[in-house]
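One structure follows; several queries about it will come next.
All ligand and atom numbering here is 1-based and tracks the order in the structure.
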Amino acid sequence: MTAPDLLVIDDLSKIFKRPRSLADRLSGRPASGVRAVSHVDLTIRRGETLGLVGESGCGKSTLARTIAGLIAPTEGSLRFVSSQATGRPPRVQMIFQDPYSSLNGRWKIADIVAEPIRIHRLRSGKADIRRRVDELLEHVGLSSSDAQKYPHEFSGGQRQRISIARALAGEPEFLILDEPTSALDLSVQAQILNLLRSLQDELHLTSLFITHNLAVVQVMADRIGVMYLGQVVELAGRKEIFAAPRHPYTRLLIDAAPGMDVHDRSLHPIAGDLPNPAAPPSGCRFHTRCPFATELCRTSEPPQTVAPGGGIYRCHFDLDLSHLPDTGLPADHRHPAVAR
Ligand code: SF4
């Protein structure tokens, strides 16, 4: 049985206005804007982890910050079903990429972890709050004696454990993880991913996991959304998306990702750079890099299509992606964001 929806995002866009340039003023053109997120429809079900993957600059972090309420959407809406029912704002916590800047260096760990408990009034009395902080620190693999230390006394991986303890302290109905391991050393990344995976299993968290790394979402996510230039171009279950991607960009990302179990990947690199989000290509935004592009793709934006398995994709065609046309580019011509 499918779990009920927790978050419903409807036709959401975020446009960042840019100041009018001298040329704009001279020609009388209005201020232009960058549509960082463009007409996104998304639902996240209670208890699931939705992975959102894409290259740097594709809009995934902007979408995350909009969901967290840190920035307002320009168009469209998002609603938490739980808060509609209870009338109170949802408890959303966010874990950021950089554990160095996301913790207040002047606060002791005890105060950092206790802050969401106090804000949401989840415990009362100093002793009760202190007990809860100790419990959370031990839960993430730290010691209760660490509560009296400051962030600079910890390594990057330990600081990310503190960020996780702080997020859990708020007993989040929804957790946003924005590239939580990408600033860490490789060996530490695996430890943090293991911790997050076991917390997901134990606490049945509902979360949005953002990353540029397909191998990470393969481990962490139940469903996966693929973003390209502000749009979700494909969304499907983890198994379905890796077994039978329906969008050429998804297929190319899988082929280009290091360590993914795919055949023949060295022959089909992603051609070209990510276009300027301030001036996205006409028609299908992916047509400048797509090996299947036709004249229709250059002039007409593809609608969102529902796949037989329930996933969605934005492409004019129902393509057989088992054999990609040869792009004629050298095998090492990979986009840097996916070749890392
Ligand atoms: Fe490629 Fe055309 Fe499909 Fe866009 S609509 S992904 S350019 S085939």
Handout entry: SB check Glu55 Arg289 (cutoff 4.0 Å)
Key = yes
Exercise for the section: Decide yes or no for Val232 and Val226: does some side-chain heavy atom of the first lie under 4.5 Å from some side-chain heavy atom of the second? Expected result: no
Handout entry: Test: Arg65 and Asp178 ion pair at under 4.0 Å
Key = yes
Problem - Mutual orientation of the aromatic rings belonging to His247 and Tyr249 [parallel < 30°, tilted 30-60°, perpendicular > 60°] - result: perpendicular
Handout entry: Nearest-neighbour protein heavy atom for atom 2 (Fe) of ligand 1, which is reported as residue plus atom name and distance
Key = Cys297 SG, 2.3 Å
Completion exercise
In ligand 1, the atoms that come under 4.0 Å of a heavy atom of Pro248 are 6 (S)
Handout entry: Phe317, portion touching ligand 1 at heavy-atom distance under 4.0 Å
Key = side chain
Problem - Residues Phe174, Phe80; criterion ring-ring contact (aromatic ring centres under 6.0 Å, His included); working and verdict - result: CA-CA 9 Å; Phe174 188 65; Phe80 284 92; 5.7 Å; yes
Practice task
Measure the distance from atom 3 (Fe) of ligand 1 to every protein heavy atom, then report the residue, atom name and distance (to 0.1 Å) of the closest one.
Solution key: Cys315 SG, 2.3 Å
Practice task
Assess the side chains of Ser143 and Asp146: does a donor N or O sit below 3.5 Å from an acceptor N or O?
Solution key: no
Completion exercise
atom 5 (S) of ligand 1 has as its nearest protein heavy atom His316 N, 3.4 Å
Exercise for the section: Scan side-chain atoms only and decide if Glu301 and Gln231 contain a donor-acceptor pair under the 3.5 Å cut-off. Expected result: yes
Practice task
Quick one: look up the protein heavy atom nearest atom 1 (Fe) of ligand 1 and list residue, atom name and how far away it is.
Solution key: Cys290 SG, 2.4 Å
Exercise for the section: Give a yes or no on whether His247 keeps an N, O or S atom under 2.8 Å from atom 4 (Fe) of ligand 1. Expected result: no
Exercise for the section: Check each atom of ligand 1 against the heavy atoms of Phe292 and keep those under 4.0 Å away; list them by number with element. Expected result: 8 (S)
Problem - Closest protein heavy atom to atom 4 (Fe) of ligand 1, given as residue, atom name and distance to 0.1 Å - result: Cys284 SG, 2.3 Å
